[in-house]
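Sequence lines set the chain letters: A, B, ... in the order given, protein chains first and strands last, and positions in each chain run from 1.
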Amino acid sequence: MNAPHRDDAASLMIEREPYYQPLRGEVAMFEAAWNNRVPVLLKGPTGCGKTRFMEYMAWRLARPLVTVACHDDLTAADLVGRFLITANETVWVDGPMARAVRLGAILYLDEIVEARKDTTVVIHPLADDRRTLFVEKKGEVLKAPPEFMLAISYNPGYQSVMKELKQSTRQRFVAIDFDYPPAETESLIVARESGIGADAAARLVKLAHMTRNLKGNGLDEGASTRLLVHAAKLMAHGVEPRAACSGAIALALTDEPEMLSAVHELVSAVF
Amino acid sequence: MNSSARSSSAPLGAAEIEERFEELIGAVLSSRRTATGLAGQLAGQPRTVQEFTLHWVGITARSSPELAYQFASVAPAAIEALGVAGAEQWLIAAMDVFDREGLYRAAASLKDLPGFILQRREQAGAVAFEEVARVLEHFLAGLSGRPMKLEPDDLPWTDTATVYLPRRIARFATREENFRAYKVTAALLWAQARRGTFLLDAARYPGAQRELALLGVLESVRLAARFERELPGLHRDIDALCRPALDARFEQAARPLRSPSAGVADSLDALRTLPAGARAPDWAFLGKLEPQRALEVRAARLLRDKQELHSALARMQNEMRGAEMPAAEGDPMPTAGAPRLRVALREAEQLEISVELDGRTMAPPPEVTALVESILQDLGELPEEYLVAAGEGAYRAGGGEEAVELIPGADGAQGGRFYDEWDFRRRHYRKDWCVLTERDVHPGDPRFVASILARYRAQVWHLRRSFEALRGEDRRLRGEPYGDEIDLDAAVRGFAELRTGAELGDRLFVRRERNVRDVAVMFVVDMSGSTKGWINDCERESLVLLAEALEVLGDRYAIYGFSGITRKRCEVYRVKRFDERYDALVEQRIAGIQPLDYTRMGVALRHLTGILGAQEARTRLMITLSDGKPDDFSDGYRGEYGIEDTRQALLEARRAGIHSFCITIDREARDYLPRMYGAAHYTVIEDVARLPLKVADVYRRLTS
Ligand SMILES: Nc1ncnc2c1ncn2[C@@H]1O[C@H](COP(=O)(O)OP(=O)(O)OP(=O)(O)O)[C@@H](O)[C@H]1O
Ligand SMILES: [Mg+2]
C-alpha cells in the first residue's frame with residue numbers, strides 16, 4: 001500500500017516507441033494542449049486505446065509518465081503523499097501526484113470517476129491556471145513546471161449516477177473523444193498487436209461490430225479492441241478461433257446464459 | 001423358503017409362466033389361442049424381463065385382457081429395442097390410446113413399434129420455439145439492421161418486421177441439429193428482410209403458390225451465397241441443411257444467383273429459366289414467401305419513417321437555429337436552406353451519415369441514423385423527397401383553437417394543480433395545460449407482500465446480501481498502516497513498546513471511511529391501462545423486492561404511480577411518501593396498484609420532480625417503470641407530441657439536479673426511446689418476468 005520510495009525520473013520514461021495507431025487528430029490535439037498547459041480529459045469506452053495513447057504521447061513528448069489507476073479507496077493522501085513513521089522520526093513520502101509535479105511529468109489519472117469525491121479537491125487547483133498542488137500536511141505549495149501535464153480518463157458508459165463527473169471538474173479539461181477505430185484501422189491494430197493474419201483480424205472486428213449492435217439490447221458493452229487483441233493473441237498461439245473467441249470475448253461480455261449462447265452463435269457464424 | 005430365495009433370481013420355466021398367464025388373461029385364451037407360445041417366448045428371457053412383463057400384463061388386463069395379450073406377444077421385442085423403461089413408456093402410450101380411442105387403435109399402436117421408436121427419438125431431439133426465441137432474437141440483433149421480433153407460426157416466413165418461426169422443430173435426431181435448423185431459418189428470413197427480397201413492386205412477384213415456393217428456394221440460394229463471404233460459419237450451417245442437393249438443371253438456373261451482385265430481380269429471372277417440372281427441394285429451413293404482406297408492412301413503415309425523418313431533420317434545423325436566435329412564439333418554420341443529408345456507404349454494411357446544414361456538417365442524432373438505415377433497407381436508396389425538413393415538424397402559426405379552457409372543479413378545492421406542457425411544434429410551453437390531482441392508492445390484499453416474499457425467498461436473501469455490501473457507514477478505522485491522522489493510542493502504545501526494545505509496528509493511523517449514502521430515490525410506476533395483466537403483476541413484485549433492498553440500505557425512498565385520462569384529469573397515486581415508513585398500509589397500497597387509464601407521462605414527471613426536488617440529498621434519483629410510449633386518450637398526446645413532452649419533462653428534472661433512469665418494458669419499436677430519454681439513462685426489458693429482479697439490479701448498479 002505504501003507509495004514506492006524510488007523517485008527516479010528515468011524509470012518513468014518510456015524508452016521505446018509504443019505502437020499507437022492514430023485515429024482522428026488526437027495526437028495533434030494532445031500536443032497543442034501540452035504546449036498550452038491545458039489539462040486533457042480522455043473520454044471513451046473501455047479498451048479503446050486510451051492508456052496506449054498516453055504511453056505513446058509520453059514517449060513522443062519525451063516526458064516521464066506517472067499513471068494512477070483510480071479506485072474507490074483512493075484518498076487525497078494516496079495521491080499527494082503522507083507522513084510515515086519510522087523507528088524514531090516521521091518522514092514525508094510524496095504520492096504520485098506530488099512526484100509528477102516535481103518531475104514535470106505527465107500525470108495520468110485513469111478512470112477518475114472511481115476515485116473518492118474528496119480527491120477532486122486536490123485536482124482542481126492543478127487543473128486550472130494556478131497549476132499548483134497544495135500539500136496540506138506539509139504546508140507546502142508546489143508550482144507545476146511548464147512541462148507538467150495532467151490527463152484524466154473517463155468512460156461515459158458508466159451507469160452509476162454516483163460516478164458522473166462533476167461539471168466543475170469536467171469544465172477544466174479539454175476533452176478528446178475516443179471511440180473504437182473504424183473497421184479497417186481496428187483490423188490493422190488487432191493484426192499488429194497479435195501477429196495474426198489480416199483475414200482473421202477482419203473477422204474478429206466483424207464479430208466486435210455484431211456485439212456492439214447488442215449494446216443496450218442485452219449487453220452493457222460490446223467487445224472492445226482490447227478483447228479482440230486478447231482473442232487474436234490466443235489464435236496466434238494456435239488456439240482454435242471459436243474457442244479463443246468464447247474465452248476471450250463471449251465470457252468476458254456476459255454471464256447471462258441466453259446472451260452467452262447468442263454470442264457463441266455469432267462467433268460460429270463469423271468463423 | 002430356501003428354494004424360493006434361489007428362484008427369485010433364476011428365470012421362470014415355461015410351464016410356470018403359462019400358469020401365470022392363464023391366471024392373468026385367461027378370459028381371452030381358448031383352446032385355439034393358448035398361452036403356450038407366449039410362455040415359450042418369455043421363458044428364454046432373464047428373470048427381470050419376465051417379471052416386468054408379467055407385472056404389466058396384470059395391470060393392462062384390468063383394463064383390457066385382449067390388450068394385455070397383445071402386449072405380452074410383443075413385449076420381448078419391445079424390451080430388446082427400448083429397454084425396460086422405454087418399453088414401459090411404449091405400453092403406457094398404448095394404454096392412453098386405449099382410454100381415448102379404444103382397443104383397435106391401441107393394439108395398432110402397440111404393433112407399430114418402429115413408429116414409436118422414431119417418435120421417441122424425435123421427442124428427445126425436438127426443440128421448441130420458446131426455448132430458442134431469446135437466443136435467436138439476440139442473434140438477429142447482433143447480425144444488425146432494424147430490430148426484428150420473433151413469433152411462432154406454422155410455417156417460417158417474414159413480413160420484414162417480424163420473423164415467424166415454427167413452434168417446434170423435430171426433423172433431426174439431435175437437439176443440436178434441430179437448433180441449427182432454427183438458427184438457419186431465422187438467419188435466412190432476416191436476410192430476406194435485410195437483403196432486399198421484398199424490394200420490388202407487388203406486381204412483379206408471382207401469384208401462384210408453386211412459383212412462390214420456387215422463388216423461395218432461389219432466394220435462399222442467393223442469400224446463402226451472400227453469407228458465404230461474410231459469415232462463412234453460418235454458411236456452412238446452411239449448406240449442411242441443403243440436402244438433398246438441387247438437381248443439375250435447377251442448379252444451373254440458380255447459378256447466377258451466387259454472384260455477389262445478384263438481387264431479387266435475378267431470382268425472378270432464374271425462376272423463368274427453371275425447367276417446367278422443377279420441384280422445390282425438401283430443405284428444413286424453407287417456409288413460405290408472403291410478398292403482399294411484406295410489401296404492406298414495408299409501405300406503412302416507409303410512410304412512417306419518411307414523416308419521422310422529415311420532423312427529425314426539422315428538429316435539427318430548429319435546434320441549430322434556435323441556438324443562434326431564439327424563435328419568437330408561433331414563428332412559422334423557416335423553410336429555406338433545408339438540411340442536406342449526406343449518406344455514404346462504407347464497406348459492406350457500415351453507414352456513414354452526415355448532415356449538412358447552412359454550410360456546416362455535423363453528425364446526426366442516433367434516431368436519424370436509425371431511420372436512414374431503415375429506409376435504405378426498404379428502398380435500397382434514399383430518394384430526395386425523404387430529405388426534406390419541416391413537414392410534420394412545422395407548426396401552423398396561430399393555432400388558437402387550443403386555447404386553455406376553464407376546467408370546473410379542478411382547482412384548489414380538490415387539490416388539483418396546474419402544470420405547463422411542452423408543445424414541440426411551438427417550441428414553448430402551453431401554460432397551465434394539465435390539471436393533476438394526487439390520491440392515495442386504494443389498499444389491496446394484505447397478504448400480497450408476504451406471498452411475494454415467500455415466492456422469491458431465495459432471491460430475496462441474495463438481494464439483501466448484495467445490498468448489505470453497499471450499505472454505507474461512516475467509519476473510523478483505527479490501527480491502520482496508513483491514514484489521514486495518527487492514531488494516538490496506537491502511537492503511544494507503540495513508542496512505549498519501543499522503549500522496552502520491541503519493534504515499532506506500522507499500524508499507527510486512523511483512516512476515515514467516508515461512505516455515507518445520501519440518496520433520495522423516487523420510484524414512478526406506470527398505472528396505465530396497457531399494463532393490465534403480467535406487467536402490472538411484475539411491477540408490483542418489483543416494488544416488493546425493491547422495498548426489501550432499500551430497507552436494508554436505509555436509502556430514503558418514495559413510490560408513486562401515475563395514470564389519467566385527458567389533460568384535465570391527470571392523476572398521481574401515492575404508494576409511499578418519503579416521510580412514510582414501509583408499514584402494513586404501504587404494503588397494501590403496493591398490492592393495490594392497478595391498471596387504470598392512459599399514460600400522460602410529462603405532467604406526472606413534473607409533479608414528482610417537484611416532490612423529489614424538495615428532498616435534501618446529495619444524490620436524487622428518479623426511476624420510472626413504464627411499458628412504452630406515452631399516450632393519452634385525446635388532444636394529440638399520442639405519438640411525437642407525447643414523446644417530446646416526456647423528453648422535456650426529463651430535461652427539466654435534469655436541470656433540477658435529478659438523475660432519471662427509465663426502465664421500459666417493451667418489445668416493440670424502440671426507435672423513439674433514445675430521443676425521448678435524451679436526458680435520462682434507460683434500459684429496455686423484453687421479458688417481463690425478469691423485471692422484479694432487474695429493477696433491484698438496476699438500482700444497485702446506479703448507486704454503487
Ligand atoms: N489506436 C491504437 N493503437 C494501438 N493499439 C491499440 C489502439 N487502440 C487500442 N489498442 C489495443 O487495445 C488495447 C487496449 O487499449 P487500452 O488499454 O489503451 O484501453 P483503455 O482505453 O485504456 O481501456 P480502459 O478504459 O479499460 O482502461 C491495447 O493494449 C492495444 O493492444
Ligand atoms: Mg486504460
Atom group of Arg203(A) that falls short of 4.5 Å from chain B, counting heavy atoms = side chain
Are there more than 12 heavy atoms of other residues, nucleotides or ligands under 6.0 Å from atom CD of Glu240(A)?
-> yes
Below 4.5 Å, heavy atoms only, C-beta onward: do Val135(B) and Leu260(A) meet side chain to side chain?
-> no
Given a strict heavy-atom distance threshold of 4.5 Å, which part of Phe179(B) is in contact with chain A: side chain, backbone, both, or neither?
-> side chain
With only heavy atoms counted, which part of Glu256(A) is less than 4.5 Å from chain B, the side chain, the backbone, both or neither?
-> side chain
Once you round to the nearest 0.5 Å, how far does CG of Leu143(B) lie from CD of Glu265(A)?
-> 10.5 Å
Check the pair His138(B), Thr254(A) against side-chain contact (heavy atoms from CB on, under 4.5 Å), reporting the backbone distance first and the verdict last.
-> CA-CA 13 Å; His138(B) 290 319; Thr254(A) 181; over 6 Å; no
Measuring from His264(A):NE2 to Phe139(B):CZ, what's the distance to the nearest 0.5 Å?
-> 13.5 Å
Hey, which of Leu219(A), Asn213(A), Thr75(A), Leu207(A) has the most heavy atom pairs under 4.5 Å with chain B?
-> Asn213(A)
Would you mind reporting whether Leu231(B) and Lys206(A) have side-chain heavy atoms less than 4.5 Å apart?
-> yes
Tightest non-hydrogen contact, residues Phe509(B) and Phe83(A), listed as CZ-O, 3.4 Å
Of the backbone (N, CA, C, O) and the side chain (C-beta and beyond), which part of Ser261(A) lies under 4.5 Å from a heavy atom of chain B, both, or neither?
-> both
If you count heavy-atom pairs under 4.5 Å with chain A, which of Ala141(B), Ala491(B), Gly233(B), Ala187(B) comes out on top?
-> Gly233(B)
Counting distance only, does the side-chain N/O of Arg236(B) pair as donor-acceptor with the main-chain N or O of Phe271(A) below 3.5 Å?
-> yes
